[in-house]
Every structure is written in C-alpha cells, then in structure tokens.
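First the structure, in the form of structure tokens, and then the observations on it.
Index from 1, following the sequence.
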Amino acid sequence: MALGDLMATRFADSTVVVSNNLDEYLNRDDVELYRAREVPDDASTSGGGNVYENAITVLSTAAGNTSTATSMMYLPQTIVFCELRHEAFEDSVPTGPAESGLVSKWRPRDRMKTGMVALVLCLNISCDPPDVIKISPCARLECWIDPLAMAPTKALEAIGKALSLQYERWQPKARYKYQLDPTVDEVKRLCNTCRKFAKAERVLFHYNGHGVPKPTTNGEIWLFNRNYTQYIPLPVTELDSWLKSPSIYVFDCSAAGNIVNAFIELIDASTSSGAAKDCILLAACEAHETLPQSAEFPADIFTSCLTTPIQMALRWFCKRSLLRESLDHSLIDKIPGRPNDRKTLLGELNWIFTAVTDTIAWNVLPHDLFQRLFRQDLLVASLFRNFLLAERIMRSANCSPISYPMLPPTHQHHMWDAWDMAAEICLSQLPSLVHDPTAEFQPSPFFTEQLTAFEVWLDHGSEQKKPPEQLPIVLQVLLSQCHRFRALVLLGRFLDMGPWAVDLALSVGIFPYVLKLLQTTTPELRQILVFIWTKILALDKSCQVDLVKDGGHTYFIRFLDSSEAYPEQRAMAAFVLAVIVDGHKRGQEACIEAGLLDVCLKHLQASTPNDAQSEPLFLQWLCLCLGKMWEDFTEAQIVGLQAGAAVISASLLSEPQPEVRASAVFALGTLLGIGFDSSGDIGDEEVDDDERIRAEISIIKSLLSVVSDGSPLVRAEVAVALARFAFGHNRHLKSVAATYWRSQPSSGLSTLHISGTGSGYSTPSHYVPPGSIITSQIGPLLRIGGDSSPIVRDGRVSTSSPLATAGIMHGSPLSDDSSQHSDSGASDAAGNGIINHARPRPLDNSLYLECIFSMCTLAKDPSPRIARLGRRVLSIIGIEQVVARPIRPSTSSARSGEPTTSAGVRLAGLARSASWFDMSSGHLPLTFRTPPVSPPRASYLTGIRRVSSLEFRPHLLSSPDSGLADPLLGYGGSTANTERSLLPRSTIYNWSCGHFSKPLLTASDDSDELIVKRESKERSALDLIVKCQHYSVSKLNNQIASWDTRFETGTKTTLLQPFSPVMIAADEKERIRVWNYEEPALLNSFDNHEYPDKGISKLCLLNELDDSLLLVASGDGNVRIWKDYMQKGKQKLVTAFSSLPVHGPTTRNVNAVVDWQQQSGYLFVAGDVPSIKVWDLDKEQLVHSIPSSPDSSISALAASQVHGGQFAAGFVDGSVRLFDIRTPEMLVCATRPHIQRVERVVGIGFQPGLDVPKIVSASQAGDIQFLDIRNHSDAYLTIDAHRGSLTALAVHRHAPIIASGSAKQLIKVFSLEGEQLGTIRYHPTFMAQKIGPVSSLTFHPYQVLLAAGAADPFVTLYADDNNPAR
C-alpha cells in the first residue's frame, strides 16, 4: 500500500474513538416527529391512527427493553473537549520546531575535506630489513604488483603510481604526491608542501615501512640516508610539527602500535595545554605484532583492505566459502562493471559493502564518534569503512589493526554474515558474466531482505527498544530507483514514531539524500517526500536554509497547488512552507517570487465549508503559511492586501474549527503590520494611504467580531493582533480613551485606569529611576510617568511635575491639552512610539472606542491566560486595571483580593489618570507637595498602578496581580524593532506545529482502553436505567449521608457523579468542594477563579460516560470547564469563555441560567438578556442566538437529555416555552401555566422517558405544573407543593419522581402522577434538628438518590428505606 493511501485510511480513523456498537442508532433524528405533526388530518387517520402518536408509541414501548435501539438514545455519543487544544492551554506555551540544541547535533559541525595526500613508501626492494625473518613462500604483492617481477626501480615506481590510483578512487578531487624510499629532508619537504597547499583542509599521510626496521618504542619511523647505506629515524613529533592539524595517518608496517602510542602521548600533552589536535590514526597492528607473511595475503594486506576492499574481501572469502573449489580466483580481478555503477556486479558489491560497513559502524559506535568518522569527511569515512574489513581479515591472521580514536571490536558482527551471503550470490554469477558479456546480471536480494527486516522492526519496535539496525541500509537504498519508493514509505513510518526517530534518522545521515530527492519529478514519490519533510521540519527548523538554498521550496509549492493529493498531505506541504518562511527573510522572498501567496489565497477561496472531514487542517495551515509569509515583511503584506487577503482570511472567522479561526486571526493580525513596519516606507509608493486605511479598518472590524469567540485559542490570537494595532495607533487610542472618559459621569469607582502622556513614548532618557517606585501599606504598586525626570531622595519622589506620593499622583497627564499630543521630551517622529517612522493616520474614533472596549473585554476574560494578554494590550495604550479593596473588609462578604465597592457592586469604566481619583488624605503616609485639583473625598480605592505605555525601561516592576508579563516592559532599547519585540507573541503557529510531531499514521495506543472503559459504563448505565424505570418509591426520606461543606453562605448548587460515590457542591463565592460520601472524605477544594463575585449558577458534568469534565457556570455568564477536579490540588482549567458576552468596560450580573445537552454537544444559556444563546462546545462557537422575550427574562432552563436540540425555558413572568433548534422556527410552543399568582419560574425539567416532551415547571409561588406539548392550553396536572416559598425543583432523569424544596426548611417528593411520596423536615439526629432553607436539589442521574443543599453549610443525601445510612 502506498503511504498516501495508508495515510488516508489512518487519518480517517484518527478521530475520537467511541464504542462502535452504537453506530446504528446514531442516525435516528426525532425531528421527524415534529415533521409528522404537519401531516394533514386525513393522512394521519388513514393507515390506522395518528402518525405522530404512533411514532411516540413505538418509542415509548421500546423504552422498557434495553435490547432495543431506543435504549441507546439514553447514551449520548458526543464527546467534547478532548482535542489537542484542550491539553493544558492555560499552563503551557508550546514551542515550535527547534532551531538549536539537541536536535542540531545530527548536523556535522564543520564539514571537512582531505585536500592533500602524501604517500611515503620505504620498500627497499630486494633488500629485507634486518629485524624481519621472512618465511618461504612469503607474501610479496604490494598494491597487487609483484616487485620481484621487474627491475627494482621500475617496480618501486609502478607501486607508487598504483597506490596513488587506489586512493584517488576514494577522493578524486584531492592532490596526490608520493616519495619512494625517501630521506628525512624529502619527507619534510613533502609534508610542508602538503600543509601549504591544503591550508585548513585535512592532510593524509600514508607510510609503508615494509623495507625498513620496525618503529621504535619511542615512536620513531625509519627512512633512508641519501646513499641508502643507513636507516635514519624520524620521530613522530617532527612529523606532526610538519603536517600539523587536521591530519590522518596510515601506518602499514609491523609494530605500528608503537607509533600510535607515541602519537597518543603527543595528543594528550597538547590537549592538557589547551591546544586540541584533530588527528586520526590507522595502524596495521599492535606494538608487539608482526604483519602476516602468508602467501595467501598480499604483503601490504592492511593497505589493500583500506584501498581495494572488494578485491581483498572476495579473495579472502573465496578461500573460505563453498565456491573455493568451483571458482577460478583469477576471475575476481575480472569482475565486470564500475564501482559507482550499481547496475553492474562490481557496483552492486561495492554498494552492499558500503551498506554493511556503515550499518556495523552505526550500531557499534557512539553517535558523536560515528558523525565524526563516517559523516564529516568522505575520504576518512571510506577509510574507516574499509578499516572494519581490515580488522575482520587481519584478525583471522592473528593480527589486530588499531585506530585512534579507538573503535570497539567489530570483526564478529552478524552483519558480516549478510555480506558473505550477498558476496556468495554475486560470485556465483561471475563465471557466466565473464564468459558471456551479454549475460544479464541478477541483482542480489540483500536490500529487499534488509528492508523486510526493517519492516518487521517497525511492526514491533518502539522508543524503548533497541533502534533498528537497518537504518543506514535504508539510507543506501534511497540511491536505488527500484527500491526507493518502498524505502521512503518505511522511512516515513519510522519517522512517524516520534521526534526521537527523526533525530536518529538525521544522525545516520538521511538529510542530504532526501534533500537531493526534491530534484526528482517522479509523481509517486511526492506524497511520501512531503510527509518525510514534514517530520524533519517539525523537529528542526534550521533545515529551512538548506531548502531555500537548493530551491526545494518550489517542490512543495507545486505539491500544494496539485489537486490529486489528499487535503492532509497538502496541509503538510503548507506546514513545510510555513517553516521555510518562519522568521527567514530569504525564504519569504523566495516563496513570494515563486507565487506561494497566490496559491494559498486561491485554495482558501476555493474551499467550501465542511468539504471533507480533513479539510480544516489544510485551511489552518494555509492561513498560518500566509501569516508567516508576510509577518514583518512589508512587501508581502502589500502584495497580500492587493490580492484581497484580508477579505479572504476574514471569511474563515466563522469556520466551525477553532484552530482554523485562530489561524485566520493570526493571518489577519500579521497583516496589521503594514502601517508601521520596521522596513520603512516601501509601501508608500505602492499602496496609497486611503487604501491602507480601508484595509486596516476592514481587518480590525473582522477581529472585533471574534473577540468573544468560545475558544481561548482564538481569543489569544485576537489579543495579540490588537496589541499590534495598539502599538501602531498608540496615541490615537489614548486620546479617544481620555475623551470617552470625560463624557462619562464621574461618580463611582472605576476598575480601569488610564495613565501616561497622551503623546505615547517619550525619549529614552525620560524614565523614572528604579528607586522611584515606592510601595505603601495601602496599595500594590504605583507606576509613575511624567514629562520630566523625578529625583529620588531617601526613597521619596521629588519632581517638578505634579506628583503625589505612594498612593496617588495628581495633575492629570490626560488634562485638556494632552489631547493635542504635545510632547515636551520627544520629537513628533517619535511620538507614536516608532522612532524615525511615519505615524499612521488616525482611523474613525468610534472604531478606536470599539477597540478599547474589546481590549477591556479581553482583560476581563474568564481564561487567566487571555486576561493577562488583555491587560498587556491595555498597558500598551496606558490603561491598567485597578484592583480596589475596601479599607475595612467586611467580615464575611469580601474575600482577600475580591474587588468590591461601597455599594458592594463592582463597576467598570474608563477613568482618567491618577489625579482624577480623589483619595482620603488620612490614609496616605506622605502629604501632597502641591494642592490636589479637587478636594479630597473618602474613597475605597486603595491602590493605583500607573504605566505610561513603554516609556519606562529596565526598572519596571511587575505586581503579582498586574497580569503584565515582564517581557512586555522588561528591557531597554529605543528602536522600533526592540519595542516591537516587546509585544505579546502569537502562539497558534508553535502550538499547531505540535500536531506534526505526533504520530499521524497510527491510532493512539489508549483507544482500545477507552473503548473498554466506555462500554463498561454503558452496560452499567443501561442496567441502572432499567431499575430506575421500574422503580416504585414509597418514601425518599432516608438520610444516608450528611456533609458539612463549611460554606459561609450556604450551598448554591450540587452535583452527583454517575459512576462513583462523589458529590460536588459550590457556594455563592464560587468555591467548589468535592466529597466522597461513602468514605466519607473531602477529595478536593478549589476556587473557580481569583475574584469571584457573581456566584455559581450551575454545575454540569460533561462526557459522563468517558473521562468526565466539570462545567461551572457563573452568574455573569462566564463558563469554566475543569478536568482532574477530583484529585486534590490537581484540577486544571480546560477552557473558559463568556457565554453571554457584554462588550465595553461595564460588567453586570446577568443572572445567567444554563443547561448542558450531551447528545447535541450544546450549552444553552439565558438570563437577563433578550435572547437565548446556543453554544456548540465541540466547535466552541455560538451557533444560535434565539430571541426570547423583550419584556421578561428567563429564570430557569432545562435541556432534554434524550432528544438532541430540545430545551425548555421558564420566565420571570411565569410563562414556559419549549424550543427545538432543529426546526426552522425554533419555538415549538409557548404557554403560561402559572396563572394563580404570577411569580418567576424557579425550576423546570423534562419528565423521564423517551416520550416527546412532557415538562414539569415550578414557580416561586409554590405550584408545580405538569405540561404536555400536545395540549398547549392547560397543564394536565397541578400540585400546590409550597405556599409562596418554592426555591428548588429536581426531576429525575429516568425514575418517575420529582422533588421540590422550600425556603421554609421543607423538601417534598412526588410521583409523576402527583402523589406525594414523602416530606423531609428534620435531620435524623438525637435533637431532630430542622433542615435549612433549601437552596438546591439534585437527583443522581442513574440512581434514586437526592442531594439537597441549604442556606446552612450542610449538604444532605437521601435515599429510600432500602439504602443503608452511611
């Protein structure tokens, strides 16, 4: 199977796994039941009864039998918040592909080349050295030449030339010089000449000492005097001083180990003195050994192994194989073909030999040593491969070649067996190929078999197991056209195992091979090459330079533009191109020239929503690629704007996938740089100001439309984009903020504080010295800024500008003339904060005000990370949130850090600078130096922090509650680039890169485990549902557990876990406590957020059949979702958003009511607003805004747990409405059942069962009404449960019971027929204490258990008499 097909099938399976035994029931959609209502009467009566009622009957009768399909309607299959984006969004800022560090170790630090080769042969033919006694017959051949077959001088010359040619095969580009039987002076000249010509390149020195005595123990080699009457020693120290470093020495003589030992001492001495030498040594034998003399071998066996390995290996092997009888050994010298032609016998043998020796080395050597010896220098790599053969052959003759650096023994490695087999197969064809030149050569199965072995490893291997030893062979196979595709597919599978696999492949040397393959035009390789490059660039970004240098980017642009590939594969191409242009100016230029921008925009325009399941990834990476292409690159921004990029990107802001929306925001945000890019005024000629302003307005309006998006991923990008905008339009935004404040009433306390001079940034010299920031006992921090430099004396601030002490400053920097943007300390060119750059023209003031409101909205975001970003954005335009606390905190209502005001209401608005806040002088430790502008009045403001944009440099402190990250204001520098670098950075690109680091071809290992867990819960749930449906309850007043929550204000809401004995409770102050009622034990306790003041409206359980999440909805409409909430201190915020967004600086309690529907994945939200919001939590998007009632707000909300899309709403005026979002008109029916006394609906719920909605509604007046939507006019049953004091209603999801609670310390339980089943008034204690005023009631979803919360701290759990008390 091609990898493209493999990828397609694997991607298709990679969605969230739910148990597949329910699939057949998922297409059932009971919207058909509503359509049935529209059938004419005659149609409904003909055919035996009403279609609508028949449908209900079918559903109802089936409900009792768990084996039928309808039971599955009770088990929703939707799972939300389980995507990659929900893993620790708040905690971590993901990193993109690495640029340096561990991953770059695969890249050879400095490529080396051997430029000069010096060959020194001391053979002295016909005169044996005195310390060697030769046997007879003896080894004679030198470079495969018999020196005794011709005159000595001719033989010497022939051997010298032959050796030079043997080396040239391995490094043709080097220069070769040789000296035959030389003197010391001749060797010195040779060495000096070689070093002179080699410069910084490596020099190889080859010494053959077969005609001179063995080297001395002091490390001296022997040469001759001029008359050949004496042997003259040459110490290696002198040799080293002539050749210097880098160098490589080959010593082919007996006792060569003596030279190596001397050299090692020399190297150690130089290393200890701090001058490390790059010196490599290869020696024929140990210090105590003599070279083999057997006539079976050549005399220069070591040199023959190093320079003619195939010839040497085959000769040695033939005498030990089964072919020794049948094969004529002389044929070995006649092997047809060329070493570098892999289609010939000699080329195939050479190729296999290279693969085998590379594999042995890679598996035996440490990786850094392998890199140095086998990947840094071509000649060194060849010699070391051949050295492994020398060790194998010479050890069979009791001789041990040695090297420096020393290698571990390799002569018995099992890969030699593979070589022997391949050699035997090739040699068996040799006679026929020699005798018949036209005979066809049959390639060896070696590579096919090795690829199969690699494939087996892929099926069973992992990071914890030993790496696949065939990896270097896979690299060699890439050279062959016939094996290439299979090798690339297997390589792709290997790289997909994780970053460790990519690092291994790069360290073995795969990079130059796959880079070269980008020059091929073979269509079948395109998909797999794109996949491989995706994996490489996901690990190491530095490859972008190589790709652009080799023109590789055009390969990916062509692939991106092709229509045959799957969208996921084209997304990979877009990812590769995004990495190429990421922060790489040359890459950006090259891709613009190659037309990448047009290609991306074309495909974005052509995309239709929900085109394919995998399309979002493609759209996401097209946007990210565009954003990276024009990020900080003015020319590309201009081209993009002219091509309509802003409009095209903005069209994606309504896409259902948060990742696509966030990427589109990123693309739009990076386009905003056009007005003030550091690369100057290039745009002025090409794009006129009007066009530029229109583009900016269009982009900003698009961004403001998603400032309340449901996904924090999107809102984070909006905040970053608005920061860029605020940076460019700093002074205009400040001016508009000041003007807006002046038009507002000045009464009340504001939580926002404008500060700083209207003119933006002052010159670098205008800053406050570090000591001038003074803290006092009444406030967190004062950040001071003004038009002149203050002087610090004894920790006090003294300045000519109107400056107050630690708590306050007066003399408003935003006084009337500040709007004229005068700046005493900076030139106009610097006034916008951009040094030496043209200031952008102002946009419409109403748009600026909208931006400021949106920035305030972000600063109040329920997600802490977004709120920090929002505060950073506000600080750029000189606005900071002020945390106000009462000077005398009340005993119970205010918590530490909770913003309050004199009226106990938190007001938010825009305030002017510090002088406009009138402080009580009695609470200030220091007095004013100049009188305040207005008389002091008592105020609850206890601390003002002031920041003037980026005016202050290194000294600024960060307050624990400021939310300002230090990098924003953390260091100096006056250039626009430095200031630009202080802006908050986007994270969507780095975060998205993580997708490609993970396995893409295999499903996650834990999917089977998840299915087993889910199926177990499904079985348990179905069993419990059957028990509930057949339950006959007599009483429900058996208190089985009671829990003192220690909530000061009583319990607001409770929740029972479906599959564990756990209860969750929350109070008005948004404290959440988790309790095991069987143990009993407190499992966890945590605050929903830092400054709770709205109270918790509802607790819901998401994904209850899987790993459940806790949804916590606050009264102000903010929704937070927690995971790991049952583990002490381990709770993590998955996501947070405002479900009832209110734009602008004001905040108010909207008395939000919510309910969650697992079937549809919808969260229904309403309150004191004129519409009902329907949020799709899978898309994290507002999908419907349903008009409710203009004159009456919603006080209760309930979603059907079996019919997706249905929900009921109870209103303050006592009316009830049923909605179904699957119908065009949405509103199914409206009724007003509570008619005796018009009071608010306190509770509403759907009756259990699969019946089309029957609803229970309870009003504050105390009456409970039972409604059937088929009869719009009246309730079919009314219970007067409590007189004017009903506070809570609970309807069991499956059992036929309901419960109501009263403020008069009373709980009543009823059947669905209206029969009262019990009353609960007292705790079953000795004193029979009365229960508290009931504030919340909750049934267990699958058991008949009732949890009751009250105004006192106790939460009580009730069951029937069959349940023992715990």
Side-chain angles (χ1 to χ4, degrees), residues 11 14-15 81-99 496 498-499 502 530-531 533-541 543-544 556 560 567-584 587 591 596 600 603-604 607 613-631 649 652-653 655-670 706 709 711-721 865-866 869 984-1000 1135 1179-1180:
F11 271 121
S14 66
T15 51
F81 297 116
C82 54
E83 303 291 336
L84 180 67
R85 65 179 180 269
H86 302 121
E87 293 175 17
F89 171 81
E90 295 292 338
D91 304 336
S92 63
V93 177
T95 54
E99 298 180 51
D496 194 49
V502 182
V530 168
F531 181 81
W533 272 103
T534 299
K535 286 296 178 181
I536 291 173
L537 288 172
L539 179 81
D540 194 346
K541 173 186 168 183
C543 305
Q544 62 183 181
F556 298 101
L560 184 66
E568 299 95 339
Q569 294 161 345
R570 288 158 75 194
M572 290 176 196
F575 162 74
V576 170
L577 290 161
V579 177
I580 287 173
V581 297
D582 179 21
H584 183 214
C591 287
L596 174 58
C600 289
H603 288 295
L604 280 178
S607 70
Q613 184 188 357
S614 52
E615 193 72 19
L617 187 69
F618 183 41
L619 296 179
Q620 177 186 347
W621 276 103
L622 285 174
C623 289
L624 291 172
C625 184
L626 283 171
K628 281 292 172 186
M629 195 172 9
W630 56 51
E631 187 176 37
S649 301
L652 297 169
L653 295 179
E655 282 289 313
Q657 295 77 21
E659 294 89 348
V660 178
R661 301 198 298 273
S663 304
V665 172
F666 171 74
L668 288 168
T670 45
V706 285
D709 192 276
S711 172
L713 204 62
V714 180
R715 300 197 303 277
E717 294 307 309
V718 174
V720 171
R865 184 164 154 195
I866 307 299
L869 277 171
R985 306 294 292 176
S986 163
T987 55
I988 181 66
Y989 168 75
N990 284 347
W991 177 84
S992 300
C993 288
H995 169 78
F996 294 111
S997 301
K998 292 180 166 52
L1000 301 175
T1135 190
K1179 299 173 182 174
E1180 297 180 61

**Shortest non-hydrogen contact between Thr670 and Ala667, atoms and distance** = OG1-O, 3.0 Å

**Item:** Within-4.5 Å side-chain heavy-atom neighbours: Thr534 and Val530
**Value:** yes

**Asked** Do the side chain of Lys628 and the main chain of Gly583 share a donor and acceptor less than 3.5 angstrom apart?
**Response** no

**Request:** Flag the pair Cys623 / Leu668 as yes when at least one side-chain heavy-atom distance between them is below 4.5 Å, and no otherwise.
**Result:** no

**Asked** Between Met629 and Cys591, what is the shortest heavy-atom contact and its length?
**Response** SD-CB, 4.4 Å

**Asked** Can you name the ring pair (Phe, Tyr, Trp, His ring centres under 6.0 Å) partners of Phe81, sequence neighbours left out?
**Response** His86

**Asked** Would you find a donor on one side and an acceptor on the other, under 3.5 Å apart, between the side chain of Gln544 and the backbone of Gly587?
**Response** no

**Request:** Quick one: closest heavy-atom pair of Ala573 and Phe556, and the distance?
**Result:** CB-O, 3.9 Å

**Prompt:** Any side-chain heavy-atom pair from Leu622 and Leu560 closer than 4.5 angstrom?
**Reply:** yes

**Item:** Separation of Cys993 SG from Lys998 NZ (nearest 0.5 Å)
**Value:** 11.5 Å

**Request:** Can you run down the salt bridge (charged side-chain N to carboxylate O under 4.0 Å, His left out) pairs that involve residues 657-668, sequence neighbours left out, and say none if there aren't any?
**Result:** Arg85-Glu659, Arg661-Asp709

**Prompt:** According to the interplanar angle, ranging from 0 to 90°, do the rings of Trp621 and Phe996 count as parallel (below 30°), tilted (30 to 60°) or perpendicular (above 60°)?
**Reply:** tilted

**Message:** What I'd like to find out is whether the side chain of Leu626 reaches to under 4.5 Å of the side chain of Leu604, using heavy atoms alone.
**Reply:** yes

